[in-house]
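Notes for the one structure printed next.
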Amino acid sequence: MDLQDLLNKGPEEEGKAGKGQSPLVSLKKDLDFYKESIQEVSAEMMSEGYTLYPIFVAHQLKVDLGEMILDRDELNTQWSIQASSLEEFVDRGIIKEDRKEYFERNFKSANDFMCLFVVVPEGANFVFYPYNA
């Protein structure tokens with residue numbers, strides 16, 4: 001899934017009065033600001049043998065997953081980013097062991113895309129966002 005898929009409102013959202021802009025619009029803005037830092041951390045995680053599958057947790061709430069790398073309070077942005085990995089997601093049961101191979105097959109190149117686990121109050125989903133958007 002791409003970030004644009006999450007940004008587009010479905011028909012059930014159209015016409016609802018009082019609905020503000022999707023919080024994912026602000027995520028796109030922050031990702032464009034963060035992308036060089038995220039790409040550096042991703043490359044470091046892979047080159048040091050930590051993981052071949054870096055995952056970055058994007059959130060506005062408190063999330064106990066991964067390690068904080070970009071704190072929205074310190075950077076005066078809307079979203080915080082924490083660095084994690086496929087291995088941690090499997091260890092924590094977020095990705096079931098029997099789905100690990102499927103995830104690996106569908107993982108986009110970490111040199112070209114950041115893999116995000118976007119956490120919002122309604123739930124969470126994986127998104128691949130290109131570094132050169």
Side-chain angles (χ1 to χ4, degrees):
M1 174 171 285
D2 293 321
L3 184 60
Q4 195 61 41
D5 296 334
L6 292 175
L7 288 171
N8 294 330
K9 293 181 178 178
E12 67 279 358
E13 292 293 318
E14 291 176 10
K16 283 190 178 178
K19 275 289 185 187
Q21 192 177 56
S22 168
L24 298 174
V25 172
S26 65
L27 175 58
K28 182 184 182 312
K29 180 182 173 194
D30 284 358
L31 290 177
D32 290 341
F33 178 69
Y34 291 155
K35 65 184 171 186
E36 288 179 16
S37 298
I38 292 173
Q39 192 169 23
E40 286 176 21
V41 171
S42 178
E44 189 175 306
M45 291 170 73
M46 292 185 297
S47 70
E48 291 183 4
Y50 178 69
T51 186
L52 294 176
Y53 305 95
I55 300 172
F56 297 92
V57 182
H59 60 90
Q60 294 177 308
L61 313 165
K62 180 156 175 46
V63 175
D64 184 27
L65 182 62
E67 188 174 316
M68 180 70 72
I69 60 168
L70 298 161
D71 187 328
R72 70 189 190 123
D73 295 326
E74 291 177 8
L75 298 167
N76 198 26
T77 55
Q78 300 272 328
W79 292 80
S80 292
I81 305 292
Q82 292 180 205
S84 185
S85 65
L86 171 60
E87 294 79 4
E88 181 179 7
F89 273 62
V90 171
D91 288 347
R92 298 258 193 130
I94 298 166
I95 296 175
K96 302 294 181 207
E97 185 67 45
D98 64 347
R99 301 296 289 165
K100 180 180 176 184
E101 187 177 314
Y102 174 82
F103 187 88
E104 290 173 348
R105 279 195 317 268
N106 289 284
F107 194 87
K108 293 186 179 185
S109 167
N111 295 318
D112 300 319
F113 293 86
M114 61 182 87
C115 176
L116 297 163
F117 188 65
V118 181
V119 180
V120 294
E122 298 79 25
N125 208 341
F126 286 99
V127 175
F128 289 92
Y129 189 73
Y131 289 115
N132 296 318

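Please read all numbers here as calculations on a predicted model, not as lab measurements.
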Review point. Would you say the side chain of V119 lies within less than 4.5 Å of the side chain of F117, judging by non-hydrogen atoms?
Key: yes
Check your understanding: So do the side chains of C115 and F126 get within less than 4.5 Å of each other, counting heavy atoms only?
Key -> yes
Check your understanding: What residues form a salt bridge (charged side-chain N to carboxylate O under 4.0 Å, His left out) with R99, not counting sequence neighbours?
Key -> none
Revision key, fill the gap. For A110 and Y131, the nearest pair of non-hydrogen atoms, with its separation, is O-CE1, 3.4 Å
Point to revise | Point-to-point distance, once rounded to the nearest 0.5 Å, from CZ of F56 to OG of S80 | key: 14.0 Å
Practice item. Measure from the ring center of Y53 to the ring center of F103 and say whether it is less than 6.0 Å. Key: no
**Study point:** Step-by-step side-chain contact (heavy atoms from CB on, under 4.5 Å) determination, L31 to I81
**Key:** CA-CA 9 Å; L31 290 177; I81 305 292; 4.3 Å; yes
Review point. Taking side chain as C-beta onward, heavy atoms only, is L86 less than 4.5 Å from F107?
Key: no
Review point. Do NZ/NE/NH1/NH2 and the carboxylate oxygens of K108 and D112 come within less than 4.0 Å?
Key: no
Practice item. Specify whether F113 and F128 have parallel, tilted or perpendicular ring planes, treating 30° as the upper limit for parallel and 60° as the lower limit for perpendicular. Key: perpendicular
Review point. side-chain hydrogen bond (donor to acceptor under 3.5 Å, both in side chains) with E87: which residues, sequence neighbours excluded?
Key: T51, S85
**Study point:** Counterpart residues, salt bridge (charged side-chain N to carboxylate O under 4.0 Å, His left out), relative to E36 (two or more places apart)
**Key:** none
Check your understanding: Are V57 and M68 connected in a single hydrophobic cluster, I mean Ile/Leu/Val/Met/Phe/Trp/Tyr linked by side-chain heavy atoms less than 4.5 Å apart?
Key -> no
Check your understanding: Got I94 and L65 here, is their nearest side-chain heavy-atom distance under 4.5 Å?
Key -> yes
Exercise for review: Is it possible for you to say whether F89 and M46 belong to one hydrophobic cluster, with membership spreading through side-chain heavy-atom contacts below 4.5 Å?
Suggested key: no
Revision key, fill the gap. Separation between NZ (K96) and CG (D98), nearest 0.5 Å, reads 8.5 Å
Exercise for review: Give the intermediate values and the outcome of side-chain contact (heavy atoms from CB on, under 4.5 Å) for residues Y129 and L27.
Suggested key: CA-CA 11 Å; Y129 189 73; L27 175 58; over 6 Å; no
Point to revise | Pairs meeting criterion side-chain hydrogen bond (donor to acceptor under 3.5 Å, both in side chains) with involvement of residues 55-77, two or more places apart | key: Y34-T77, H59-Q82
**Study point:** Considering all heavy atoms, the nearest Q39-N111 contact
**Key:** NE2-O, 3.2 Å
Revision key, fill the gap. With sequence neighbours left out, the residues meeting side-chain hydrogen bond (donor to acceptor under 3.5 Å, both in side chains) with E48 are none
Exercise for review: Could I get the full list of side-chain hydrogen bond (donor to acceptor under 3.5 Å, both in side chains) partners for S42, not counting sequence neighbours?
Suggested key: none
Review point. Are side-chain heavy atoms of L70 and W79 found at a separation under 4.5 Å?
Key: no
Check your understanding: Quick one: does D30's side chain get under 4.5 Å of D32's, heavy atoms only?
Key -> no
Practice item. Test K35 against M114 for side-chain contact (heavy atoms from CB on, under 4.5 Å), laying out the working first. Key: CA-CA 8 Å; K35 65 184 171 186; M114 61 182 87; 3.7 Å; yes
Point to revise | Least distance between heavy atoms, M45 atom then S84 atom | key: CE-O, 2.9 Å
